[in-house]
Amino acid sequence: MTGGTAAEPSGLRGTYLTCPEGRLHVYSAGDRGSPVLLLSGAGIDNALLSWRHLIPALSPRHRVLALDWPKQGRSRPWDGRATHERLLAAITQVLDHFDLPSAALVGLSQGGALALAYAIEHPSRVDRIAALAPAGILSFPPVVHQALWLVAKLPLLSRTLPSTMFRSRESVARFARRALFAGPVDDFDDVVDEIMAEVRVAGAGSSDWQNASIGPLRMRVDLRPRLGEVICPALLVQGDKDAGVNAARTRAAAALVPGSRFVLLEGVGHWSSRQVPDRVNPLIGAFLGEGQGTMDAGDPLG
């Protein structure tokens with residue numbers, strides 16, 4: 001494989017919000033239609049990594065915003081921890097900056113958890129939610145849980161070792177194939193390039209949100225008891241070959257959200273927005289009101 005840098009989608013604009021901790025960066029595209037805020041995952045991710053293909057698919061009919069979480073992408077430098085509460089506040093800052101009373105939220109993994117949490121905490125500001133392989137709905141057996149908590153507590157395990165392991169292109173490619181995808185990816189070389197660019201700037205490892213969400217005995221961020229408070233239309237999307245989020249967990253979480261819809265993507269891993277954008281983009285577009293045909297593949301729940 002040869003290295004390179006993937007070009008940004010055309011028509012993107014960048015905005016920096018000034019915060020006490022540093023700069024919060026937001027991409028925007030599209031000037032008409034209902035607003036949509038895209039929320040990426042944890043760790044080695046950023047707005048373009050997750051949403052490179054979805055942004056141009058939605059921007060002709062929507063006002064699209066894509067947030068670089070603190071310490072990701074261009075939201076640097078950042079002095080402070082990017083905890084659950086701080087990331088929820090970042091969503092509010094973005095909506096306020098762009099004068100949006102409300103918006104649809106589309107989130108992947110960590111972003112899916114925060115989309116659901118934001119709808120619970122600020123229901124009047126969320127029009128609808130699409131959560132792809134959401135975090136915040138998981139629990140682990142006691143021994144596994146304590147091992148994960150120990151990893152989260154020790155920087156050597158949560159950051160230093162992963163950063164060392166991800167120094168070579170081969171190790172990044174191997175990780176992507178095993179942990180992120182479950183089949184061929186048309187632009188796999190670009191994905192590896194983009195991951196390596198993020199690692200060079202920020203290193204590798206779990207995010208502040210991931211580290212803070214797990215306590216010594218139980219998950220500190222477990223949205224399941226409050227999912228019944230979500231009042232907006234909700235779509236939960238899950239790859240059946242996801243190595244990180246079990247499909248049964250997401251289906252069970254969807255059943256707790258009143259009137260939600262669950263869609264299982266066969267042969268797909270964790271990063272569905274990059275593995276199968278040809279399936280995910282129409283699905284999200286249909287959910288946001290661009291048509292109903294694709295949504296027929298889902299299972300209505302609630």
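Given the structure is predicted, the values throughout are model-derived calculations rather than measurements. Hydrogens, waters and symmetry mates play no part in the numbers below; they use all other heavy atoms, side chains included.
Judged purely by distance below 3.5 Å, without hydrogens or angles, the side chains of S50 and W271 pair a donor atom with an acceptor atom. Between the side chains of H25 and N46, no donor N or O sits under 3.5 Å from an acceptor N or O. Residues H270 and S109 have side chains that bring a donor and an acceptor to within less than 3.5 angstrom of each other.
Closest of all the heavy-atom pairs between G136 and A113 is N-CB, 3.9 Å. Listed here is the closest heavy atom pair of W69 and G111: CZ2-CA, 4.2 Å. Residues L105 and V126 come closest through the heavy atom pair CD1-CG2, 3.9 Å. Looking at every heavy atom in both residues, A57 comes nearest to P60 through O-CD, 3.7 Å. Annotation for L54 and V106: closest pair CD2-CG1, 4.2 Å, computed over non-hydrogen atoms. Nearest approach of A135 to W209, heavy atoms of both residues: CB-CH2, 3.7 Å.
Within the model, atoms CZ of R251 and CG of L256 stand 13.0 Å from one another, a figure rounded to the nearest 0.5 Å. Remark: S34 OG to L58 CG distance equals 9.0 Å, nearest 0.5 Å. Of the inter-residue distances, the one linking T18 atom OG1 with L24 atom CG reads 9.5 Å to the nearest 0.5 angstrom. A distance of 10.0 Å separates CG of L235 from CD1 of I129, quoted to the nearest 0.5 Å. Interatomic distance, CG of D240 versus OG of S272, reported as 11.5 Å (0.5 Å rounding). In this structure, the separation between NE2 on H84 and CD on Q210 is 13.5 Å, given to the nearest 0.5 Å.
Under the 3.5 Å distance criterion, the side-chain polar atoms of E266 are left unmatched by any main-chain donor or acceptor of G239. A donor-acceptor pair under 3.5 Å is formed between the side chain of S75 and the backbone N or O of D68. Judged purely by atom type and a 3.5 angstrom limit, Q275 uses its side chain to pair as donor or acceptor with the backbone of G269.
Here D208 pairs with K71 in a salt bridge; the nearest charged N to carboxylate O distance falls below 4.0 Å. Salt-bridge check for D190 with R274: failed, with every basic side-chain N at 4.0 Å or more from each acidic carboxylate O. Using a 4.0 Å cut-off between charged side-chain N and carboxylate O, R81 and E21 make no salt bridge.
With sequence neighbours excluded, the residues satisfying salt bridge (charged side-chain N to carboxylate O under 4.0 Å, His left out) with R76 are E198.
For the pair R63/F98, a side-chain contact is recorded, criterion being any heavy-atom separation below 4.5 Å from C-beta on. Between L17 and R23 there is no side-chain heavy-atom pair separated by less than 4.5 Å. The side-chain heavy atoms of I231 and P258, taken from C-beta on, include no pair separated by under 4.5 Å. Between R86 and C19, some side-chain heavy-atom pair lies under the 4.5 Å cut-off. Contact check for M196 versus V192: side-chain heavy atoms found under the 4.5 Å cut-off. Here the side chains of D278 and D186 are not in contact, with every heavy-atom distance at 4.5 Å or above. Side chains of L236 and P134 form a contact here, defined as non-hydrogen atoms less than 4.5 Å apart. Using a 4.5 Å heavy-atom threshold, the side chains of L108 and W51 count as touching.
Here salt bridge (Lys or Arg N to Asp or Glu O under 4.0 Å) pairs that include residues 124-133, with residues two or more places apart or in two chains, are D96-R125. Judged as a salt bridge (Lys or Arg N to Asp or Glu O under 4.0 Å), the pairs with a partner in residues 36-53 (not counting sequence neighbours) are, in order, R52-E194. Every pair passing ring pair (Phe, Tyr, Trp, His ring centres under 6.0 Å) that includes a residue from residues 102-126 is listed here, sequence neighbours excluded: Y118-H122. Screening residues 227-238 for side chain to side chain donor-acceptor pair (under 3.5 Å) gives R226-E229, Q238-D242, Q238-T250 as the qualifying pairs, with residues at least two apart or on separate chains.
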Evaluate side chain to side chain contact (heavy atoms under 4.5 Å, CB included) for V237 paired with L265, printing each intermediate quantity in order. CA-CA 7 Å; V237 180; L265 300 175; 3.6 Å; yes
In sequence, state the C-alpha distance, the side-chain angles, and the governing distance for N281 and H53, and then conclude on side chain to side chain contact (heavy atoms under 4.5 Å, CB included). CA-CA 8 Å; N281 294 354; H53 301 304; 3.9 Å; yes
Could you go through T15 and Y27, starting from their C-alpha distance and side-chain angles, then the distance that decides it, and tell me whether this counts as side chain to side chain contact (heavy atoms under 4.5 Å, CB included)? CA-CA 6 Å; T15 300; Y27 291 102; over 6 Å; no
Residues L138, R249; criterion side chain to side chain contact (heavy atoms under 4.5 Å, CB included); working and verdict: CA-CA 7 Å; L138 305 176; R249 298 276 191 179; 4.1 Å; yes
Show which side-chain atoms of residues 36-44 pair as donor or acceptor with protein atoms under 3.5 Å away, not counting sequence neighbours.
none

